[in-house]
Number of protein chains: 2
Amino acid sequence: MARGSFREQVLKVREDAIVAAVNRLLAEKGFDLMTVDEVAADVGIAKASLYKHFASKEALAAAAMVRVLRLTAEVIEAQPPSTPALDKLQAVTRWALQVQLAGEMPTLPSQNSSLRTELLGSKAYIDLLMQVSDQLGAWIEQAQTDGAIDPAIPSEVVLYTIFARACDPVPGFLKAGGRYDDKTIVDLVLATCFNGLQSRR
Amino acid sequence: MARGSFREQVLKVREDAIVAAVNRLLAEKGFDLMTVDEVAADVGIAKASLYKHFASKEALAAAAMVRVLRLTAEVIEAQPPSTPALDKLQAVTRWALQVQLAGEMPTLPSQNSSLRTELLGSKAYIDLLMQVSDQLGAWIEQAQTDGAIDPAIPSEVVLYTIFARACDPVPGFLKAGGRYDDKTIVDLVLATCFNGLQSRR
DNA sequence: GTCTATAAATCGATAGAC
DNA sequence: GTCTATCGATTTATAGAC
(Lines give C-alpha, C1' and ligand atoms only; values in the text may rest on other atoms or scores of the structure.)
Protein backbone atom coordinates (compact mmCIF):
# COMPACT_ATOMS: atom_id res chain seq x y z
CA MET A 1 0.00 0.00 0.00
CA ALA A 2 2.82 2.37 0.88
CA ARG A 3 4.65 1.68 -2.39
CA GLY A 4 1.43 1.88 -4.34
CA SER A 5 0.61 5.16 -2.70
CA PHE A 6 4.09 6.46 -3.42
CA ARG A 7 3.77 5.50 -7.03
CA GLU A 8 0.42 7.21 -7.23
CA GLN A 9 1.93 10.34 -5.72
CA VAL A 10 4.74 10.36 -8.27
CA LEU A 11 2.12 9.95 -10.95
CA LYS A 12 0.06 12.75 -9.53
CA VAL A 13 3.02 15.11 -9.40
CA ARG A 14 3.76 14.42 -13.04
CA GLU A 15 0.17 14.91 -14.06
CA ASP A 16 0.06 18.14 -12.10
CA ALA A 17 3.10 19.30 -14.04
CA ILE A 18 1.35 18.40 -17.29
CA VAL A 19 -1.82 20.26 -16.37
CA ALA A 20 0.20 23.28 -15.24
CA ALA A 21 1.97 23.35 -18.59
CA VAL A 22 -1.33 23.02 -20.42
CA ASN A 23 -2.77 25.83 -18.33
CA ARG A 24 0.13 28.11 -19.19
CA LEU A 25 0.05 27.28 -22.91
CA LEU A 26 -3.73 27.66 -23.10
CA ALA A 27 -3.42 31.10 -21.53
CA GLU A 28 -0.58 32.04 -23.85
CA LYS A 29 -1.73 30.73 -27.22
CA GLY A 30 -5.22 29.34 -26.85
CA PHE A 31 -6.44 25.84 -27.64
CA ASP A 32 -6.03 25.82 -31.42
CA LEU A 33 -2.49 27.18 -31.44
CA MET A 34 -1.33 25.00 -28.58
CA THR A 35 0.25 21.79 -29.87
CA VAL A 36 0.60 18.55 -27.95
CA ASP A 37 4.28 18.52 -28.94
CA GLU A 38 4.75 21.80 -27.09
CA VAL A 39 3.07 20.46 -23.99
CA ALA A 40 5.32 17.39 -24.01
CA ALA A 41 8.44 19.48 -24.59
CA ASP A 42 7.41 21.88 -21.83
CA VAL A 43 6.97 19.04 -19.34
CA GLY A 44 10.12 17.35 -20.57
CA ILE A 45 8.62 14.01 -21.62
CA ALA A 46 7.87 12.36 -24.93
CA LYS A 47 4.52 12.94 -26.56
CA ALA A 48 3.66 9.25 -26.44
CA SER A 49 4.17 9.34 -22.67
CA LEU A 50 1.78 12.23 -22.46
CA TYR A 51 -0.91 10.17 -24.16
CA LYS A 52 -0.52 7.52 -21.43
CA HIS A 53 -1.84 10.12 -18.99
CA PHE A 54 -4.45 11.89 -21.11
CA ALA A 55 -6.42 10.36 -23.97
CA SER A 56 -6.54 13.42 -26.22
CA LYS A 57 -5.74 17.08 -26.64
CA GLU A 58 -9.31 17.86 -25.60
CA ALA A 59 -8.82 15.86 -22.39
CA LEU A 60 -5.74 17.97 -21.63
CA ALA A 61 -7.74 21.15 -22.04
CA ALA A 62 -10.56 19.79 -19.89
CA ALA A 63 -8.09 18.99 -17.13
CA ALA A 64 -6.81 22.55 -17.22
CA MET A 65 -10.36 23.88 -16.98
CA VAL A 66 -11.08 21.61 -14.02
CA ARG A 67 -7.94 22.94 -12.38
CA VAL A 68 -8.94 26.59 -12.76
CA LEU A 69 -12.50 25.83 -11.62
CA ARG A 70 -11.08 24.14 -8.53
CA LEU A 71 -9.04 27.25 -7.78
CA THR A 72 -12.14 29.36 -8.30
CA ALA A 73 -14.11 27.22 -5.88
CA GLU A 74 -11.33 27.66 -3.32
CA VAL A 75 -11.39 31.43 -3.71
CA ILE A 76 -15.15 31.39 -3.27
CA GLU A 77 -14.91 29.29 -0.13
CA ALA A 78 -12.23 31.58 1.27
CA GLN A 79 -14.62 34.55 1.41
CA PRO A 80 -15.61 35.42 5.00
CA PRO A 81 -19.33 34.63 5.45
CA SER A 82 -20.00 37.93 7.17
CA THR A 83 -18.86 39.93 4.13
CA PRO A 84 -21.64 41.58 2.09
CA ALA A 85 -22.54 39.58 -1.01
CA LEU A 86 -21.51 42.39 -3.34
CA ASP A 87 -18.03 42.50 -1.82
CA LYS A 88 -17.64 38.76 -2.24
CA LEU A 89 -18.62 38.96 -5.88
CA GLN A 90 -16.16 41.77 -6.45
CA ALA A 91 -13.42 39.86 -4.68
CA VAL A 92 -13.89 36.81 -6.89
CA THR A 93 -14.05 38.96 -10.02
CA ARG A 94 -10.90 40.77 -8.93
CA TRP A 95 -9.12 37.46 -8.46
CA ALA A 96 -10.14 36.30 -11.93
CA LEU A 97 -8.86 39.54 -13.46
CA GLN A 98 -5.56 39.17 -11.61
CA VAL A 99 -5.11 35.60 -12.84
CA GLN A 100 -5.90 36.64 -16.38
CA LEU A 101 -3.50 39.58 -16.21
CA ALA A 102 -0.78 37.26 -14.90
CA GLY A 103 -1.20 35.16 -18.05
CA GLU A 104 -2.50 32.16 -16.13
CA MET A 105 -6.13 32.06 -17.19
CA PRO A 106 -6.72 29.26 -19.72
CA THR A 107 -9.04 30.28 -22.48
CA LEU A 108 -11.06 27.94 -24.67
CA PRO A 109 -12.81 28.64 -27.97
CA SER A 110 -16.54 28.20 -27.40
CA GLN A 111 -16.97 27.36 -31.09
CA ASN A 112 -14.93 24.13 -31.07
CA SER A 113 -17.45 21.29 -30.97
CA SER A 114 -15.11 18.40 -30.12
CA LEU A 115 -13.97 20.43 -27.15
CA ARG A 116 -17.52 21.14 -26.08
CA THR A 117 -18.30 17.44 -26.22
CA GLU A 118 -15.29 16.62 -24.07
CA LEU A 119 -16.17 19.25 -21.48
CA LEU A 120 -19.84 18.31 -21.29
CA GLY A 121 -18.77 14.68 -20.84
CA SER A 122 -16.48 15.48 -17.94
CA LYS A 123 -18.32 14.98 -14.68
CA ALA A 124 -15.60 16.77 -12.71
CA TYR A 125 -15.95 19.80 -14.98
CA ILE A 126 -19.75 19.88 -14.93
CA ASP A 127 -19.93 19.38 -11.18
CA LEU A 128 -17.44 22.15 -10.48
CA LEU A 129 -19.09 24.48 -12.95
CA MET A 130 -22.45 23.96 -11.29
CA GLN A 131 -20.97 24.34 -7.83
CA VAL A 132 -19.31 27.64 -8.75
CA SER A 133 -22.40 28.89 -10.59
CA ASP A 134 -24.69 28.01 -7.70
CA GLN A 135 -22.53 29.72 -5.12
CA LEU A 136 -22.09 32.87 -7.21
CA GLY A 137 -25.79 32.77 -8.10
CA ALA A 138 -26.76 32.76 -4.44
CA TRP A 139 -24.52 35.77 -3.77
CA ILE A 140 -25.96 37.59 -6.75
CA GLU A 141 -29.52 37.14 -5.56
CA GLN A 142 -28.52 38.15 -2.07
CA ALA A 143 -26.85 41.29 -3.43
CA GLN A 144 -30.00 42.06 -5.41
CA THR A 145 -32.12 41.59 -2.28
CA ASP A 146 -29.75 43.95 -0.46
CA GLY A 147 -30.29 46.46 -3.24
CA ALA A 148 -26.56 46.47 -3.97
CA ILE A 149 -26.92 44.90 -7.41
CA ASP A 150 -29.64 46.14 -9.73
CA PRO A 151 -32.63 43.77 -9.29
CA ALA A 152 -33.79 44.66 -12.81
CA ILE A 153 -30.90 42.66 -14.28
CA PRO A 154 -31.66 38.93 -14.50
CA SER A 155 -29.27 37.11 -12.18
CA GLU A 156 -28.24 34.96 -15.13
CA VAL A 157 -26.98 38.06 -16.94
CA VAL A 158 -25.03 39.16 -13.87
CA LEU A 159 -23.45 35.70 -13.61
CA TYR A 160 -22.40 35.63 -17.26
CA THR A 161 -21.08 39.18 -17.04
CA ILE A 162 -18.87 38.22 -14.10
CA PHE A 163 -17.75 34.98 -15.77
CA ALA A 164 -16.84 36.93 -18.90
CA ARG A 165 -14.24 38.96 -16.98
CA ALA A 166 -12.06 35.85 -17.10
CA CYS A 167 -11.64 36.28 -20.85
CA ASP A 168 -12.08 40.04 -21.11
CA PRO A 169 -9.64 41.40 -23.72
CA VAL A 170 -9.59 44.87 -22.12
CA PRO A 171 -7.00 44.06 -19.40
CA GLY A 172 -4.64 42.69 -22.05
CA PHE A 173 -5.06 45.78 -24.23
CA LEU A 174 -4.36 48.07 -21.28
CA LYS A 175 -1.33 46.04 -20.27
CA ALA A 176 -0.01 46.14 -23.84
CA GLY A 177 -0.42 49.91 -23.77
CA GLY A 178 2.03 49.99 -20.88
CA ARG A 179 0.51 53.06 -19.23
CA TYR A 180 -0.88 51.31 -16.16
CA ASP A 181 0.40 48.75 -13.69
CA ASP A 182 -1.53 45.57 -13.02
CA LYS A 183 -3.33 46.79 -9.92
CA THR A 184 -4.57 49.92 -11.65
CA ILE A 185 -5.82 47.87 -14.58
CA VAL A 186 -7.73 45.53 -12.31
CA ASP A 187 -9.25 48.48 -10.45
CA LEU A 188 -10.28 50.18 -13.70
CA VAL A 189 -11.88 47.11 -15.25
CA LEU A 190 -13.58 46.10 -12.02
CA ALA A 191 -15.01 49.60 -11.58
CA THR A 192 -16.17 49.71 -15.19
CA CYS A 193 -17.90 46.36 -14.76
CA PHE A 194 -19.72 47.16 -11.54
CA ASN A 195 -20.24 50.92 -11.89
CA GLY A 196 -20.69 51.17 -15.65
CA LEU A 197 -19.32 53.78 -18.02
CA GLN A 198 -21.88 56.48 -17.20
CA SER A 199 -21.38 58.90 -14.36
CA ARG A 200 -23.10 58.16 -11.08
CA ARG A 201 -24.70 61.20 -9.58
CA MET B 1 -11.44 52.11 -70.39
CA ALA B 2 -15.05 50.95 -70.38
CA ARG B 3 -14.11 47.30 -70.82
CA GLY B 4 -11.32 47.63 -68.32
CA SER B 5 -13.75 49.21 -65.89
CA PHE B 6 -16.24 46.43 -66.52
CA ARG B 7 -13.64 43.79 -65.88
CA GLU B 8 -12.62 45.52 -62.71
CA GLN B 9 -16.24 45.58 -61.59
CA VAL B 10 -16.65 41.86 -62.22
CA LEU B 11 -13.47 41.31 -60.25
CA LYS B 12 -14.72 43.51 -57.45
CA VAL B 13 -18.02 41.66 -57.23
CA ARG B 14 -16.19 38.36 -56.95
CA GLU B 15 -13.83 39.69 -54.32
CA ASP B 16 -16.77 41.08 -52.39
CA ALA B 17 -18.32 37.63 -52.44
CA ILE B 18 -15.06 36.18 -51.13
CA VAL B 19 -14.80 38.70 -48.32
CA ALA B 20 -18.44 38.16 -47.39
CA ALA B 21 -17.84 34.43 -47.15
CA VAL B 22 -14.72 34.99 -45.06
CA ASN B 23 -16.67 37.32 -42.81
CA ARG B 24 -19.36 34.72 -42.25
CA LEU B 25 -16.91 31.90 -41.61
CA LEU B 26 -14.79 34.01 -39.27
CA ALA B 27 -17.89 34.83 -37.26
CA GLU B 28 -18.99 31.20 -37.23
CA LYS B 29 -15.76 29.32 -36.54
CA GLY B 30 -13.01 31.83 -35.92
CA PHE B 31 -9.72 32.19 -37.75
CA ASP B 32 -8.03 28.95 -36.74
CA LEU B 33 -10.95 26.67 -37.52
CA MET B 34 -11.76 28.42 -40.78
CA THR B 35 -10.04 26.67 -43.70
CA VAL B 36 -9.27 28.19 -47.06
CA ASP B 37 -10.92 25.16 -48.66
CA GLU B 38 -14.17 26.10 -46.98
CA VAL B 39 -13.94 29.67 -48.19
CA ALA B 40 -13.37 28.51 -51.75
CA ALA B 41 -16.22 26.01 -51.55
CA ASP B 42 -18.51 28.66 -50.07
CA VAL B 43 -17.77 31.10 -52.89
CA GLY B 44 -17.95 28.32 -55.45
CA ILE B 45 -14.47 28.64 -56.94
CA ALA B 46 -11.29 26.61 -56.73
CA LYS B 47 -8.83 27.30 -53.97
CA ALA B 48 -6.08 28.19 -56.44
CA SER B 49 -8.35 30.87 -57.89
CA LEU B 50 -8.84 32.28 -54.44
CA TYR B 51 -5.10 32.68 -54.06
CA LYS B 52 -5.06 34.79 -57.23
CA HIS B 53 -7.14 37.36 -55.34
CA PHE B 54 -5.61 37.15 -51.88
CA ALA B 55 -2.05 36.19 -51.09
CA SER B 56 -2.71 34.25 -47.88
CA LYS B 57 -5.25 33.18 -45.31
CA GLU B 58 -4.13 36.11 -43.18
CA ALA B 59 -4.82 38.50 -46.07
CA LEU B 60 -8.35 37.08 -46.29
CA ALA B 61 -8.92 37.76 -42.62
CA ALA B 62 -7.49 41.25 -42.93
CA ALA B 63 -9.89 41.99 -45.79
CA ALA B 64 -12.81 40.89 -43.62
CA MET B 65 -11.63 43.16 -40.82
CA VAL B 66 -11.30 46.09 -43.22
CA ARG B 67 -14.85 45.39 -44.36
CA VAL B 68 -16.30 45.46 -40.86
CA LEU B 69 -14.30 48.57 -39.98
CA ARG B 70 -15.69 50.27 -43.08
CA LEU B 71 -19.20 49.39 -41.96
CA THR B 72 -18.40 50.73 -38.51
CA ALA B 73 -17.15 53.99 -39.99
CA GLU B 74 -20.40 54.28 -41.94
CA VAL B 75 -22.48 53.75 -38.82
CA ILE B 76 -20.43 56.38 -37.06
CA GLU B 77 -20.90 58.88 -39.89
CA ALA B 78 -24.63 58.19 -39.97
CA GLN B 79 -25.11 59.56 -36.43
CA PRO B 80 -26.90 62.94 -36.45
CA PRO B 81 -24.43 65.62 -35.30
CA SER B 82 -26.94 67.16 -32.93
CA THR B 83 -27.30 63.94 -30.92
CA PRO B 84 -25.60 63.94 -27.48
CA ALA B 85 -22.23 62.16 -27.55
CA LEU B 86 -23.39 59.50 -25.09
CA ASP B 87 -26.31 58.57 -27.32
CA LYS B 88 -24.03 58.26 -30.33
CA LEU B 89 -21.69 55.97 -28.43
CA GLN B 90 -24.59 53.82 -27.30
CA ALA B 91 -25.97 53.67 -30.82
CA VAL B 92 -22.68 52.42 -32.23
CA THR B 93 -22.28 49.91 -29.41
CA ARG B 94 -25.83 48.72 -29.97
CA TRP B 95 -25.11 48.22 -33.66
CA ALA B 96 -21.98 46.17 -32.88
CA LEU B 97 -23.96 43.96 -30.48
CA GLN B 98 -26.66 43.42 -33.11
CA VAL B 99 -24.10 42.44 -35.74
CA GLN B 100 -22.44 40.04 -33.32
CA LEU B 101 -25.76 38.53 -32.31
CA ALA B 102 -26.65 38.05 -35.97
CA GLY B 103 -23.51 35.96 -36.37
CA GLU B 104 -21.86 38.47 -38.69
CA MET B 105 -19.08 39.87 -36.55
CA PRO B 106 -15.71 38.43 -37.59
CA THR B 107 -13.53 37.59 -34.64
CA LEU B 108 -9.76 37.23 -34.69
CA PRO B 109 -7.46 35.64 -32.11
CA SER B 110 -5.25 38.41 -30.74
CA GLN B 111 -2.61 35.80 -29.92
CA ASN B 112 -1.83 34.80 -33.52
CA SER B 113 1.38 36.59 -34.46
CA SER B 114 1.32 36.03 -38.22
CA LEU B 115 -2.13 37.55 -38.21
CA ARG B 116 -0.99 40.52 -36.16
CA THR B 117 1.83 41.11 -38.62
CA GLU B 118 -0.56 41.04 -41.54
CA LEU B 119 -2.99 43.45 -39.88
CA LEU B 120 -0.32 45.90 -38.79
CA GLY B 121 1.06 45.83 -42.32
CA SER B 122 -2.28 46.68 -43.88
CA LYS B 123 -2.55 50.43 -44.43
CA ALA B 124 -6.28 50.21 -45.09
CA TYR B 125 -6.79 48.42 -41.77
CA ILE B 126 -4.60 50.77 -39.76
CA ASP B 127 -6.10 53.88 -41.33
CA LEU B 128 -9.66 52.74 -40.68
CA LEU B 129 -8.85 51.63 -37.15
CA MET B 130 -7.38 55.04 -36.39
CA GLN B 131 -10.28 56.84 -38.04
CA VAL B 132 -12.83 54.88 -36.00
CA SER B 133 -10.81 55.24 -32.80
CA ASP B 134 -10.40 58.98 -33.28
CA GLN B 135 -14.08 59.57 -33.91
CA LEU B 136 -15.19 57.45 -30.96
CA GLY B 137 -12.47 59.02 -28.82
CA ALA B 138 -13.78 62.49 -29.58
CA TRP B 139 -17.30 61.47 -28.59
CA ILE B 140 -16.02 59.87 -25.40
CA GLU B 141 -14.23 63.01 -24.32
CA GLN B 142 -17.26 65.09 -25.22
CA ALA B 143 -19.48 62.79 -23.15
CA GLN B 144 -17.05 63.11 -20.27
CA THR B 145 -17.11 66.90 -20.58
CA ASP B 146 -20.92 66.72 -20.57
CA GLY B 147 -20.71 64.69 -17.37
CA ALA B 148 -22.56 61.83 -19.04
CA ILE B 149 -19.60 59.45 -18.94
CA ASP B 150 -17.53 59.19 -15.77
CA PRO B 151 -14.53 61.54 -16.25
CA ALA B 152 -12.57 59.42 -13.77
CA ILE B 153 -12.29 56.63 -16.32
CA PRO B 154 -9.44 57.18 -18.80
CA SER B 155 -10.96 57.64 -22.26
CA GLU B 156 -8.73 54.84 -23.48
CA VAL B 157 -10.46 52.45 -21.08
CA VAL B 158 -13.88 53.59 -22.27
CA LEU B 159 -12.83 53.05 -25.89
CA TYR B 160 -11.53 49.54 -25.27
CA THR B 161 -14.62 48.66 -23.24
CA ILE B 162 -16.85 49.69 -26.13
CA PHE B 163 -14.66 47.91 -28.68
CA ALA B 164 -14.79 44.75 -26.58
CA ARG B 165 -18.58 44.53 -26.95
CA ALA B 166 -17.91 43.32 -30.52
CA CYS B 167 -16.47 40.08 -29.12
CA ASP B 168 -18.38 39.88 -25.85
CA PRO B 169 -19.33 36.24 -25.16
CA VAL B 170 -22.31 37.24 -23.00
CA PRO B 171 -24.77 37.86 -25.90
CA GLY B 172 -23.97 34.43 -27.31
CA PHE B 173 -24.49 32.75 -23.94
CA LEU B 174 -27.83 34.48 -23.48
CA LYS B 175 -28.91 33.57 -26.99
CA ALA B 176 -27.91 29.94 -26.39
CA GLY B 177 -30.01 30.00 -23.22
CA GLY B 178 -33.01 30.77 -25.39
CA ARG B 179 -34.84 32.77 -22.78
CA TYR B 180 -34.54 36.18 -24.45
CA ASP B 181 -35.01 37.50 -27.95
CA ASP B 182 -32.25 39.42 -29.68
CA LYS B 183 -33.53 42.89 -28.83
CA THR B 184 -33.82 42.08 -25.14
CA ILE B 185 -30.30 40.66 -25.12
CA VAL B 186 -28.91 43.79 -26.74
CA ASP B 187 -30.76 45.98 -24.26
CA LEU B 188 -29.52 43.95 -21.30
CA VAL B 189 -25.88 43.90 -22.36
CA LEU B 190 -25.92 47.55 -23.35
CA ALA B 191 -27.44 48.54 -20.02
CA THR B 192 -24.95 46.41 -18.12
CA CYS B 193 -22.08 48.02 -19.99
CA PHE B 194 -23.15 51.63 -19.51
CA ASN B 195 -24.96 51.42 -16.17
CA GLY B 196 -22.89 48.72 -14.45
CA LEU B 197 -24.09 45.84 -12.33
CA GLN B 198 -24.64 47.86 -9.17
CA SER B 199 -27.89 49.64 -8.47
CA ARG B 200 -28.10 53.33 -9.25
CA ARG B 201 -29.77 55.31 -6.53
C1' DG C 1 -8.20 33.65 -63.98
C1' DT C 2 -9.97 29.18 -63.41
C1' DC C 3 -9.26 24.58 -62.95
C1' DT C 4 -6.99 19.74 -61.28
C1' DA C 5 -3.42 17.84 -58.95
C1' DT C 6 0.06 17.94 -55.74
C1' DA C 7 3.77 19.68 -53.03
C1' DA C 8 5.30 20.86 -48.29
C1' DA C 9 4.61 21.24 -43.70
C1' DT C 10 2.13 20.48 -39.41
C1' DC C 11 -0.21 18.00 -36.04
C1' DG C 12 -2.87 14.53 -33.42
C1' DA C 13 -2.33 10.00 -32.33
C1' DT C 14 -0.15 5.27 -32.18
C1' DA C 15 3.16 1.11 -32.76
C1' DG C 16 6.53 -1.32 -30.80
C1' DA C 17 11.04 -1.82 -28.35
C1' DC C 18 12.79 -1.47 -23.69
C1' DG D 1 5.51 4.27 -18.39
C1' DT D 2 8.99 6.09 -21.26
C1' DC D 3 11.18 6.37 -25.38
C1' DT D 4 11.99 6.69 -30.86
C1' DA D 5 9.93 6.52 -35.03
C1' DT D 6 6.14 6.93 -37.87
C1' DC D 7 1.41 6.84 -39.55
C1' DG D 8 -2.66 9.21 -41.28
C1' DA D 9 -5.16 13.08 -41.82
C1' DT D 10 -5.51 17.92 -42.51
C1' DT D 11 -4.20 22.29 -44.34
C1' DT D 12 -1.71 26.08 -46.54
C1' DA D 13 0.09 27.10 -50.71
C1' DT D 14 1.64 26.36 -55.56
C1' DA D 15 2.59 24.19 -60.33
C1' DG D 16 1.06 23.75 -64.69
C1' DA D 17 -2.53 22.85 -68.21
C1' DC D 18 -6.31 25.34 -70.42
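Below, read A as the first sequence line, B as the second, and so on, with proteins coming before strands; counting in each chain starts at 1.
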Let me know the distance between CG of A:D32 and P of C:dC11, rounded to the nearest Å. 12 Å
Roughly how far, to the nearest 0.5 Å, is the CG atom of A:L174 from the CG atom of A:L188? 7.0 Å
Picking from C:dA13, D:dT4, D:dA13, the nucleotide nearest the side-chain atoms of A:E58 would be C:dA13
State whether A:T35 places a side-chain N or O below 4.0 Å from either non-bridging phosphate oxygen (OP1 or OP2) of C:dC11. no
DNA chain C nearest-nucleotide lookup for A:A55 and B:K52: closer to the 5′ end is B:K52
Please report the distance, rounded to the nearest Å, between CD1 in A:I45 and C1' in D:dG1. 9 Å
Is any side-chain N or O of A:R14 closer than 4.0 Å to OP1 or OP2 of D:dG1? no
Gap between atoms CD and P, on B:E118 and D:dT12 respectively (whole Å): 15 Å
Tell me yes or no: between the side chains of A:D127 and A:Q131, is some donor less than 3.5 Å from an acceptor? no
Rounded to whole angstrom units, what separation is found between the NZ atom of B:K47 and the C1' atom of D:dT12? 6 Å
How long is the line joining CZ of B:F31 and P of D:dT12, in whole Å? 8 Å
Can A:R200 and B:D150 be counted as an ion pair, charged N to O under 4.0 angstrom? no
N or O in side chain of A:Y51 less than 4.0 angstrom from C:dT14 OP1/OP2: no
Scan A:K57 against the nucleic acid and name what it touches under 4.0 Å (heavy atoms): base, sugar-phosphate only, or nothing. sugar-phosphate
Reported CZ-to-CE distance for the pair A:R67 and A:M65, which is rounded to 0.5 angstrom: 11.5 Å
A:L11, nearest nucleotide to its side chain (from D:dG1, D:dT12, C:dG12): D:dG1
To the nearest Å, how far apart are B:F54 CZ and D:dA13 P? 14 Å
Looking only at side-chain atoms of A:V36, point me to the closest of D:dC3, C:dC3, C:dG12. C:dG12
By the definition side chain to side chain contact (heavy atoms under 4.5 Å, CB included), identify the one residue from B:I126, B:L129, B:L128 that meets it with B:V66. B:L128
Rounding to a whole Å, what distance do you find between A:M34:CE and C:dT10:P? 18 Å
Rounded interatomic separation in angstrom, taking CG from B:L33 and P from D:dT10: 13 Å
